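Computed from a predicted model, the values in this text were never measured in an experiment. Numbers restart at 1 for each chain; the letters A, B, ... are given by sequence-line order, proteins then strands.
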Amino acid sequence: MAEVIILPKLGNSVESCILLGWKVAIGDQVSEGTVLCEAETDKTTVEVESTASGTLLHLFFQEDDEVEVFAPIAIVGSEGEDISELLEGHSSTEAPKGSDTPTKQATTEVPSQVSQMQQESSPQATDFATGAPVSPRAKSAAEQRGVPTAFLQGTGPGGRIIERDVLAYATTHEPLTPAAKDQLQGSLPPAVGSGVGGRVTTRDLHGTSAKQPATTTLQAAEMVEVPLKGVRKIIAERMHHSIQSTAQLTLNSYADATYMKRLRERFKALPQEHPLAKVSLNDMVLFAVAKTLKEHPHMNAHFLGDKVVQYGQVNLGFAVDTPKGLMVPVIKSAHTLSLEEISVETKTKGAACGAGNIDPDSLQGGTFTVTNLGALGIEHFTPVLNTPEIGILGVGAISLRPIQRGSKVVHISHIALSLTIDHQVIDGAPAARFLKDLAEHIKNFDMLFMEKAYMSNKE
Amino acid sequence: MYDLIIVGAGPGGYVAAERAGALGKKVLIVEKGALGGVCLNCGCIPTKTLLTSAKHYAYAKKGGEFGVEIPEATFHLDKVIDRKDGVVKKLNVGVAFLMKHAKAEVIQGEATFLGGTKIEVNGTTYEGKNLMIATGSSPAMPPIEGAKLPHVVTSTELLNLREQPKSLVVIGGGVIGLEFASFFSTIGTEVHVVEMVDEILPMMDSEMSRMVRRSLGDVTFHLGAKVEKITETAVTYTDSKGTTEIPADTVLMAVGRTPNSQGLESLGVTMNKGWVEVNEKMETSVPHVYAIGDITGKSLLAHSASRMGEVAVSTMFGDGRDSMRYHAIPWALYTLPEAAGCGMTETEAKDAGRDIKVGAAQMKSNGRFLAESTAKDGGMCKVVVDAKTDVILGVHMIGGLCSEMIHGAAIIIEGEFRAKDIRETIFPHPTVAEVIREACFALK
């Protein structure tokens, strides 16, 4: 006997939901608890489960339909069963999923009116629309609150703009005046305007026009205005994007730097023209990172929204402080390079960045980044991911740490390490394992160095 | 150490004290005169008290038209002044209560500015984290021959006149001059207004300035007239037609106001002809020193001063988002009949290069106005709208109690409402305010 599945009441105040997508298709076998579809309420998205077992015989709604609670959404029964009676019992006999027939509902007239209103109130909306789909519930919420959906970042499935995106925008942004809404074009309206109660007025949209007196700041002598442009602007955009689009987690650790330091002292004692004479501690860390990344390919990856791409080649970015701002040149195939080759790369690329004549290609294609504030006395910090990379290592200053050796406490030089990962795609434990192995390589840097020399000799 | 020291307890200073007090700030407010400033003691409030008496008198005289005969209405200036004093006193007490409620300390005395945020009052030095200059303005006395004669007075003295003058010459056709002209002409004094430029009320829509002039039928206007000298019995002026002498037993000097900037030099704030320069956050050129109200010369109105005080308090103690906006400050003229306006006039909008549409509605076509007015009364409402965007730029009115509905225009302009938004808004009926909505339907 076929059974009708209804949309359950999903909360006290929920009257209806927007169907975001079916997880099952007609003909599928479902059992009690099988997730049938995802639905969006005014607060969250929920999974609707089947309350019966059998073959899915009919779906009453399509994606994006608004469904009232307790409405029938699907029929489950035995294959080939006659369900016409059940269908008749429910006035809404929708074309099933996959059909080309446009959705018809009890509220057919309303959506067409809504779209007309939208066109009227924001005629330029399509000029700058991101093209991201907008759920009907989000659309109506945006209508009510005057939220320009074209500017929203959707957090629904596939970047779809759903109601909570609209509500989040509305709570952090002051409303636009009716005239400002009319004149909204191209640019993003500010969160707070200069109008009454912080409303965004037409003046805020058009900047300070000639007719409007410019903001006079009499105490200007105490302030310096620096326009955001060039490298700074790119950094601002990228940093903001990074923080907005990732779930950053920073792990802090130390590595025994005794051998690394000792080796460095010996390199420094070499004649100036020796290729190893100019190797810095940072070069040595880069060398160790490249080696460790090769062993942990999950850290040498890009997160591209719907997938993670792991790379066999380590293209190691390293942060350079320049007069124009932070730049990150990339050492291609760093895992194949010897310590002196890495050292040459960092010197030439770092100098080119400082001089402002770096080849733009050298700033691209990184798979992991290392940034170093150790020389400035910083121990630990929280590096910001260089998206779409999923890891960045912050290298801190070397300090003495007390270590118990038998009954004695000795003070050993340690270098501070801060690893930021994108927790969306990498968990704390695998990242910690990477950091542990890196610390181990640094601790045994002399071995790592010799191993590399040995391997290349063998080749 | 006070969080804020305010010098001047007018509608700017005392409102700022109230707001800062509400935020739990320690406030000291210094006043050399009476609490409430010009507004409460010799401006807004007392003039309205007098004008109300004049209105009652005028209604009594034309009561017959409403079927109410009052055979012998008489006007007693002496009693009117007593009543005015009573109202002012009540409000003085009211402000004192507000200060107490705000836990603001009030000191009676003249402040000496010691530089920075330090002042001295009655021999004691006080220091605040912030200092607010709210010293206001005084009637200006131009250097005209005879201006120092005893019968030449300012609005302050005229408010205490207990004997009705036979004739009054008002020098200056601005708001202050016209309210006194309206009052004295209504109670039977022969009133002349001498104005230097070609029309009274320069901030007003020119069509309406003419209407105000005509509605004050008992007042004689001399426009484009320059006062040459004042004698014990007459005022002499020259205009395009030559020199004329008008008899006067009292002369009101109402040609404008000058800043109360004595002693401000020691602060080192940037000033322009005595007015203290401020930005839209009410900051002066000296850190932690703010100026609000008349002393800034930006807008010499009590309600502007109050708002400036609030903006300054928000700059000092709030999130700093609040700014002073001057494009939607309403003004009102309490003559019989009243006039009021907010935003751009037709002329101002055209001068600013705006492509505009104008809609007007007559008071005589309004139900309530007709029901409550005499056959002679009239007036109109005009809305100025941007032709391209439909945004309402200005609303101007004359007739009835339009001062009581001009705040609607302020909300419309602050909110950047379009004429179509007002057409979609329901106004109560019957009210005179419906003329605003009607004017939006009459746009051409």
Quick check: are there more than 12 heavy atoms from other residues, nucleotides or ligands sitting under 6.0 Å from [atom1] of [X]?
{"X": "His241(A)", "atom1": "NE2", "answer": "no"}
{"X": "His240(A)", "atom1": "NE2", "answer": "no"}
{"X": "Asp321(A)", "atom1": "CG", "answer": "no"}
{"X": "Gln262(B)", "atom1": "CD", "answer": "yes"}
{"X": "Gln424(A)", "atom1": "CD", "answer": "yes"}

Handout entry: Gln183(A) and Lys388(B), any side-chain heavy atoms less than 4.5 Å apart
Key =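 Contact flag for Lys388(B)/Gln183(A) side chains = no.
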
Problem - Considering all heavy atoms, the nearest Thr389(B)-Asp182(A) contact - result: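 Thr389(B) and Asp182(A) have their closest heavy atoms at O-OD2, 4.3 Å.
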
Exercise for the section: Using modelled atom types only, decide if a donor and an acceptor are shared between the side chain of Arg199(A) and the backbone of Gly415(B) within a distance under 3.5 Å. Expected result: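 Absent.
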
Handout entry: Top contributor to chain B interface from Gly197(A), Ser194(A), Gly198(A) [non-hydrogen pairs under 4.5 Å]
Key =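 The candidate making the most pairs under 4.5 Å is Ser194(A).
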
Handout entry: salt_bridge(Lys181(A), Glu416(B)) N-O dist < 4.0 Å
Key =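 Salt bridge absent between Lys181(A) and Glu416(B).
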
Handout entry: CD-CZ distance between Glu174(A) and Arg321(B), expressed to the nearest 0.5 angstrom
Key =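 Going from CD on Glu174(A) over to CZ on Arg321(B), the span is 5.5 Å.
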
Exercise for the section: Hey, could you give me the OG1/CG distance between Thr177(A) and Asp421(B), rounded to the nearest 0.5 Å? Expected result: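 Separation between the atoms: 9.0 Å.
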
Problem - Part of Val196(A) lying under 4.5 Å from any heavy atom of chain B - result: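 Both backbone and side chain of Val196(A) come within 4.5 Å of chain B.
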
